[in-house]
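Only a predicted model underlies this, so the values are computations on that prediction, with no experimental measurement involved. Each chain gets a letter, A, B and so on, in the order its sequence line appears, and its residues count up from 1. The figures here come from the full heavy-atom set of this structure, side chains too, leaving out hydrogens, waters and symmetry mates.
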Protein chains: 2
Amino acid sequence: MVAQRGEGDEVVTTATGMPAVQGAPIVPEQDEVVVRERARAIPEAAVARLAVYLRVLSGMVDQGVTTISSEELSAAAGVNSAKLRKDLSYVGSYGTRGVGYDVEVLVSHIERILGLTRKHSVAVVGIGNLGHALANYGGFQSRGFPVAALFDVDEDLTGVPVGGIPVNHIDDITAVCVEREVSIGVIATPPQAAQAVCDRLVSAGVQCILNFAPVVLQVPDDVEVRKVDLAVEMQILSFHVARRADEASAEQAANDLINGVGVDRVVIRP
Amino acid sequence: MVAQRGEGDEVVTTATGMPAVQGAPIVPEQDEVVVRERARAIPEAAVARLAVYLRVLSGMVDQGVTTISSEELSAAAGVNSAKLRKDLSYVGSYGTRGVGYDVEVLVSHIERILGLTRKHSVAVVGIGNLGHALANYGGFQSRGFPVAALFDVDEDLTGVPVGGIPVNHIDDITAVCVEREVSIGVIATPPQAAQAVCDRLVSAGVQCILNFAPVVLQVPDDVEVRKVDLAVEMQILSFHVARRADEASAEQAANDLINGVGVDRVVIRP
DNA sequence: TACCGCTTGTGAAGGCGTGCACAAAGTCGG
DNA sequence: CCGACTTTGTGCACGCCTTCACAAGCGGTA
């Protein structure tokens, strides 16, 4: 059973240093079987990039490319080639030195690591502007995340099909999510409702949540939340606009200064 | 002029070590005026959190809270209190020891750092499902990012108002963006069109871009791009689902092992 | 005014991720 | 079969970010 999980696992006993499978007849109470997860060892940042590589590689497959070097792939993904190779090394060593990577092999291994070999049904809660857009968004289906259920509080919406799927009332969330094996919940409600919706998703057994509402959700440790806050993104951009403007005006001011006092050159240091 | 920019700046000459404002009649060719940006020193990660703090603080203002401690604010923002204080220290020291922070003072200083004292007009390109949702999304307006222009290639859409703003044809992008002083461009087009749209935005003088299209945009160094890729978010969640499932099955397998060979306890190490 | 308790602000340490640089390993041409 | 060339995989060092821990500072109280 354990062997099936692949060569990345270790099963060791901390006290005896002896493999558990050779377990002695009597094992002390304080002994532990430590199972180290290869998957756990992949940095979050690398996981995000793997998803990007996968997208680029899919495009390559469509173009009939069969082999690609780390240099080419990293350029297409907009990252450093060393970083790319390190990221791929988390997945395993599936490249050929002197040649590069077999595109299809790489695709299948990344898909395996990202868990894309399983089906991940998605439920969207909150069928407002954003919910509508998400329900109609083809990108989910096409990349293996079928939208299996839609929910809203508004009873007028109940039964109305959006993007081909009828909207359910939010009170049915537990039953429907369990029945349709929803593994990812998307919260696209107003902020006031988000925490309550989140709680209901969690009690329906959903362990992964993508939150578009601008609130910090409180969840148990075993639930994973990712947040997309458009206003925060805008404000980060705003910060950069301001920084640029500051730099420009500082440079301008400094140049004025030059003209006044005879300094030759202005350098804005990072 | 330089002094106006605040106490975070330094103006020094590297060769003479003498302040530039006291510049000697003759200044050597290799002298440099070095202007260090306080803004530049704020880590990107901290900027993102500042935006979150700002949102929480705005809620506090609405509730009539006038003072808040780092402990309370950090809890509400879902971060470590030490991290919060360090983040706020980048903004400046505006707290009172033994008391906490004055909410309104903090709000205004964070707004200043994030550049929210200026108006940032937004243009949305690509009025499909997502573009519609973005145009109608009230969160932009309410947080100081008025949507000033909409664009699409589809001539049937031209002139049709969406969210109260008429759609322009994409060929007019430069003229309209310049006229309405657009500082942030949002790309919500299909992936094939994204790079071309991006190039046109850049040549229209837009220096900040929020990209929803699943492609890596190539831009000049002086343009800031932030990316929101829903499929990538889903795949990251998928990875966590898979990891959980692996852990569960590993634990199960290990427990089976226990029953077989008499190990007492199984620990899954991070 | 002097003390006490509370909270900020920050020096320092530790951890994590990035990028460099190179050995290992494979292909290709002769 | 061999040597030259190409590209992977990774050890290592550096730098950024996070976290801890505590001194400094302020308000309240007697």
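- Shortest non-hydrogen contact noted between A:Arg55 and B:Pro214 is NE-O, 3.0 Å.
- Contacts between residues 67-75 of chain A and DNA chain D, defined by a heavy-atom separation under 4.0 Å, are made by A:Ser69, A:Ser70.
- If you check residues 215-222 of chain B against DNA chain C, you find no residue with a heavy atom closer than 4.0 Å.
- Of the candidates D:dT10, D:dT18, C:dT10, the closest approach to any side-chain atom of B:Lys83 belongs to D:dT18.
- The minimum heavy-atom distance between B:Lys227 and A:Val52, with the atom names listed, is NZ-CG2, 3.7 Å.
- Side-chain contact check for A:Met60 versus A:Glu72: every heavy-atom pair is 4.5 Å or farther apart.
- The distance from atom CD of B:Glu44 to atom P of D:dC17 is 9 Å, rounded to the nearest whole Å.
- A donor and an acceptor atom, one from each side chain of A:His120 and B:Gln235, are nowhere located under 3.5 Å apart.
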- Query: Tell me, for nucleotides 20-28 of chain C in 5' to 3' order, what letter each nucleotide earns: B for a base near a protein heavy atom under 4.0 Å, S for only sugar-phosphate near one, - for neither?
  - Reply: BB--BBSS-
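- Using a 4.5 Å heavy-atom threshold, the side chains of B:Ile110 and B:Tyr94 count as separate.
- Taking the side-chain hydrogen bond (donor to acceptor under 3.5 Å, both in side chains) definition, one finds that A:Asp87 meets it with A:Arg49, A:Tyr53, sequence neighbours left out.
- Between the OH atom of B:Tyr90 and the P atom of D:dT18 there is a distance of 8 Å, rounded to whole Å.
- Residues passing the ring pair (Phe, Tyr, Trp, His ring centres under 6.0 Å) test with B:Tyr101, sequence neighbours excluded: none.
- With a 4.5 Å cut-off on side-chain heavy atoms, B:Val202 and B:Ile209 count as touching.
- At the phosphate of C:dG9, OP1 or OP2 sits under 4.0 Å from a side-chain N or O atom of B:Tyr101.
- Counting heavy atoms from C-beta on, the side chains of A:Thr96 and A:Thr67 never come closer than 4.5 Å.
- A straight line from OH of A:Tyr94 to C1' of D:dT10 spans 17 Å, rounded to a whole angstrom.
- Residues forming a side-chain hydrogen bond (donor to acceptor under 3.5 Å, both in side chains) with B:Glu111 (at least two apart in sequence, or on another chain): none.
- To the nearest angstrom, C1' of D:dT8 lies 11 Å from CG of A:Leu84.
- A donor-acceptor contact shorter than 3.5 Å links the side chain of B:Ser238 to the backbone of A:Gly115.
- One interatomic measurement links the two molecules: CG of B:Leu88 to P of C:dT7, which rounds to 16 Å at whole-angstrom precision.
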